[in-house]
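Residue numbers begin at 1 in each chain, while the letters A, B, ... track the order of the sequences. Only a predicted model underlies this, so the values are computations on that prediction, with no experimental measurement involved.
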Amino acid sequence: MTGPLLKVENLTKHYTVGAGFLRKSVPVVRAVEDVSFSVEAGETLCVVGESGCGKSTIARLLMRIVEPTSGRVMIDGTDIAGLKKEPLRAWRRRMQMVFQDPYSSLNPRLTAEQIITEPVENFERLRRKQRQALAADLLRKVGMSPEMMHRLPSELSGGQRQRLGIARALSLQPSLIIADEAVSALDVSVQAQILNLLLDLQQQMNIAFVFISHDLSVVHHIGHRVAVMYLGRIVELAPCEALFANPVHPYTEALLAAAPVPDPTRVRLEVPLEGEVPSPIDPPHGCAFHPRCPLAIERCREVLPALVPMADGRVVACHVRAPAPATDFSGQPPAPAMLARSCATSTVSS
Amino acid sequence: MQSRNAGGDDVLLDVLDLETHFYGEDGVVPALGGISFQIRSGETLGVVGESGCGKSVTALSILRLLPKLSAKTVGGEIRFRGRDLLKLSEPEMRLIRGDRIAMIFQEPMTSLNPVHTVGDQIAEAVQIHTKASRSEAMARAQEMLRLVRIADPERRVNNYPYEMSGGMRQRVMIAMALACTPELLIADEPTTALDVTIQAQILRLILELKQRMGTAVMLITHDLGVVAETCQRAVVMYAGRIVEQATVRDLFARPTHPYTQGLMRSAPDPRRGRQRRLPEIPGIVPSLREPIAGCSFAPRCPYAISICHEKTPSLRDVGPDHAAACWRSEEVVGA
Amino acid sequence: MTLVSAPTEAVPISVLRTIKLPRLAKRHPLVFASGGFVLLLILLALAAPLYAGDPLNVDPFKRLQPPTSEFWFGCDNLGRDVFARTVFGAQISLMVGLISTATAALAGLLIGIISGYNRRLDNIIMRIMDGLMSIPTILLAIALVSLTRGGVGILIVAITIPQIPSVARLVRSVVLSVRERPYVEAALCGGARLPKVLWRHILPSTIPPLMVQSANVCASAILVEAGLSFLGAGVSPEIPSWGNMISSSRIYLATAPLTVFAPGICLALTILAVNLLGDGLRDLFDPRSKRRG
């Protein structure tokens with residue numbers, strides 16, 4: 001393969017709220033701000049963060065359900081962010097989505113067969129026989145019995161519905177599936193079934209996933225690399241194991257510490273993160289995390305930290321933990337970075 | 001049978017063979033098939049299970065808040081400090097609800113009235129149960145908001161629910177529930193709708209206030225992690241029955257019912273490696289519409305033998321303060 | 001969440017496909033009775049020539065004659081058969097009601113869908129609808145009738161136009177909410193073209209509320225037609241219609257009450273049945289509004 005399967009560059013989405021006539025100043029929600037990442041074939045990139053961090057907007061931007069304000073989304077080198085309707089339809093075959101809610105993402109009036117074969121029928125005509133064969137094949141792939149094809153969604157369990165959602169995504173044989181909180185609405189035992197299914201499918205068909213989730217244990221389980229988002233920006237992007245073993249960004253650290261662990265013998269030491277996520281309408285100046293950050297220094301309030309590559313292949317946006325090398329910033333004197341490092345050690349030790 | 005008085009006599013709530021039925025268009029659904037458990041004063045009891053296992057129905061049955069036309073508690077006793085709540089009249093029940101037993105729900109927005117300020121709502125809850133004057137009640141409301149660590153309570157009492165974030169609304173719910181210092185707080189998935197960092201804050205807050213006020217907590221959740229971190233004892237429910245109950249340490253160290261084991265193993269666990277297949281519980285939760293012969297978990301159970309399909313097991317002691325409803329618990333616990 | 005009784009999905013149109021009459025009669029007696037009554041009315045009106053006499057035949061000797069075995073409801077001030085006129089009047093009333101309803105429903109559906117799916121057109125269309133809604137029905141009809149030669153066609157147009165905005169608004173609101181549903185987004189992600197999405201995923205959701213609204217529109221169309229005919233702005237006086245009959249016989253209320261009561265009661269019963277049908281359909285489609293017993 002030459003180059004990554006999916007490459008996202010400087011993706012940005014601003015929403016205007018309460019727009020309408022007779023209104024002059026319109027507040028802007030900065031849902032996604034300057035996000036870049038890439039996904040290799042057969043790889044799982046997880047995007048984690050709390051509600052409002054922009055992770056679901058990324059899924060919708062990738063699928064072009066919403067139009068980006070700026071930035072590029074490239075599949076195999078072709079920018080699909082600029083494509084018109086018809087060429088875009090062709091690219092849909094490469095990239096499919098699995099939705100969060102297995103109830104509302106299936107049309108309650110259609111049978112399982114109609115639901116999972118619809119994407120294919122958007123591109124080619126199927127005869128009755130062909131359609132049924134396709135449906136049976138897809139159902140088998142997701143571990144369901146072909147007899148289920150005549151059922152309505154309301155006659156299926158939550159897990160079975162989510163399998164239908166996955167079968168629908170598989171029907172066009174995509175090389176990338178975007179899963180937006182695909183297991184969040186499911187019970188633990190059903191979640192295990194679906195996670196296993198996703199892992200199997202990835203192995204058999206070399207499908208890449210962009211797996212969006214708020215659940216760190218799930219992310220740890222299936223991710224190859226993880227992007228942590230806070231208020232519309234990626235604050236840390238690292239190989240999965242490295243991230244969980246050694247979180248660098250203070251937000252990543254807090255997120256990992258806050259997740260409950262099913263082990264009553266573990267004694268919790270960390271003080272949970274104080275405060276709440278600020279509004280994306282008026283994000284804090286400088287580093288958006290600084291009002292909640294235990295390590296924040298003066299520079300964090302003023303200068304937005306850039307993503308700095310670290311030795312183990314991760315990138316981190318933090319003045320304290322990952323100060324930018326002086327040469328990377330034109331016009332930025334080296335002194336503050338050095339200062340930041342010394343401050344960091346003193347803050348941590350105190 | 002299980003020993004009912006293990007661990008002291010200070011029993012706050014004693015639920016005995018509670019049976020609740022739902023009446024749908026297609027017939028009767030036995031949502032609770034006779035469950036028994038106790039909550040002792042000041043302890044935190046976790047109630048764990050997956051959707052439809054009856055954990056919320058249990059809470060609503062205790063408070064007698066079931067939908068009147070479609071559900072009914074048809075049997076059993078709910079002894080609260082020795083009095084059977086099921087035998088109380090509705091006005092007597094109202095005196096207990098909110099005052100001595102309070103409840104918080106998963107989605108705070110739906111349980112707060114959008115057209116009144118949060119201060120008004122807390123004050124009203126106080127006034128219903130005490131003879132406090134309006135200004136005393138408002139003062140109490142402010143005090144409660146400070147207690148649940150809402151910044152700037154003087155200003156926040158005048159806020160409407162929509163002016164607050166999800167985490168803050170849940171704090172308001174807690175303030176309202178604890179305003180009358182109840183003896184039992186029932187929390188039904190109080191953090192499920194919240195982000196992890198907020199969840200950690202809220203759980204910590206509930207535990208802290210519980211300690212300070214001596215309130216017992218019945219924490220209903222689907223998250224084993226939450227149970228492990230916050231509860232002393234836990235009951236595991238499946239298909240309208242309790243399948244296992246134990247101290248939390250014992251439950252995680254020695255899960256004795258195959259369902260509890262399956263539940264624990266099927267959750268992704270950072271300590272057990274990544275990218276591997278998770279052990280699944282095969283099959284799906286049975287529909288309660290059709291009568292189930294024998295153990296309701298038997299069709300999905302790797303240990304099931306013929307007796308499991310014929311006779312329903314009841315809770316048996318398998319250790320000190322540890323009971324499981326399984327015919328083969330001796331074999332299961334060794335696995 | 002964890003309650004055992006899972007809420008029924010709202011508005012299942014598959015309900016329509018699987019409806020069985022005895023079941024419907026048992027569970028929704030209101031829909032069954034009122035629907036049956038309306039159907040019966042339509043059949044009686046259509047079959048009028050088979051069993052009723054000539055509604056136009058004038059016989060001065062039978063002026064205001066009380067009911068006999070030949071003339072069940074007696075005769076009016078010109079000696080015409082009141083029974084025959086009532087039955088044939090049903091033809092006009094129901095025809096005007098049904099045709100205007102069908103036209104208003106279709107036009108409203110089309111406008112509503114366009115408006116719900118196209119932001120730019122939406123603003124323009126909705127302002128036009130606001131304008132239409134501000135015209136009083138009766139005035140518009142009188143104006144139209146007096147500007148043209150009159151006739152049933154013009155009457156239908158006059159009654160239909162003011163009904164369109166309410167239907168269009170309803171359809172638009174349904175489209176606006178359904179288009180945000182994940183399954184519609186899923187269809188777009190699957191590469192479906194817009195017309196297919198509209199036809200397959202959005203249109204079916206608009207049908208149940210549209211049927212409910214149509215019943216309301218129909219009732220009001222029949223009423224407006226009667227009102228206009230009563231005022232002399234409707235169908236021409238010799239053609240039997242319930243409004244005409246009440247209008248021309250009202251001065252004989254004391255001497256020959258049946259000449260007014262026969263069309264009046266028919267009108268009232270029809271409106272009642274159509275309204276009940278609308279209410280019943282609403283309960284049928286939306287399980288939440290139904291009182292559970």
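Residues A:Ser189 and B:Ser266 share a closest heavy-atom pair of CA-OG, 3.8 Å. Contact detail for A:Ala258 and B:Val196: the closest heavy-atom pair is CB-O, 3.7 Å. Of all non-hydrogen atoms in B:Thr197 and A:Arg292, the two that sit nearest each other are OG1-NH2, 3.3 Å. The shortest heavy-atom contact between A:Val261 and B:Ala228 is O-CB, 3.6 Å. In terms of heavy atoms, A:Ser51 sits closest to B:Asp195 at OG-OD2, 2.6 Å. What you find for B:Val226 and A:Pro260 is that their closest heavy atoms are N-CB, 3.8 Å.
In terms of heavy-atom pairs under 4.5 angstrom with chain B, the leader among A:Gln203, A:Glu241, A:Gln160, A:Gln202 is A:Glu241. Residue with the most contacts toward chain B among A:Gly158, A:Pro262, A:Gly223: A:Pro262 (heavy-atom pairs, distance under 4.5 Å).
Contacts of B:Arg276 with chain A are made by both backbone and side-chain atoms, with heavy-atom separations under 4.5 Å. With a 4.5 angstrom heavy-atom cutoff, B:Ile284 touches chain A only via side-chain atoms. At a 4.5 Å heavy-atom cutoff, the contact between A:Asp200 and chain B is made by side-chain atoms alone. Using a 4.5 Å cut-off between heavy atoms, A:Ser157 contacts chain B through its side chain alone, with no backbone atom that close. With a 4.5 angstrom heavy-atom cutoff, A:Gln191 touches chain B only via side-chain atoms. For B:Met264, no part lies under 4.5 angstrom from a heavy atom of chain A.
Although no hydrogens or angles enter the test, the distance criterion places no donor-acceptor pair under 3.5 Å between the side chain of A:Gln193 and the main chain of B:Pro282. No side-chain donor-acceptor contact under 3.5 Å links B:Glu280 to the backbone of A:Ile194. Formation of a donor-acceptor pair under 3.5 Å by the A:Asn196 side chain with backbone atoms of B:Leu278 is found in this model.
Distance check, rounded to the nearest 0.5 Å: CG of A:Asp187 to NE2 of B:His222 gives 7.5 Å.
Other residues, nucleotides and ligands contribute more than 12 heavy atoms inside 6.0 Å of the CZ atom of B:Arg277.
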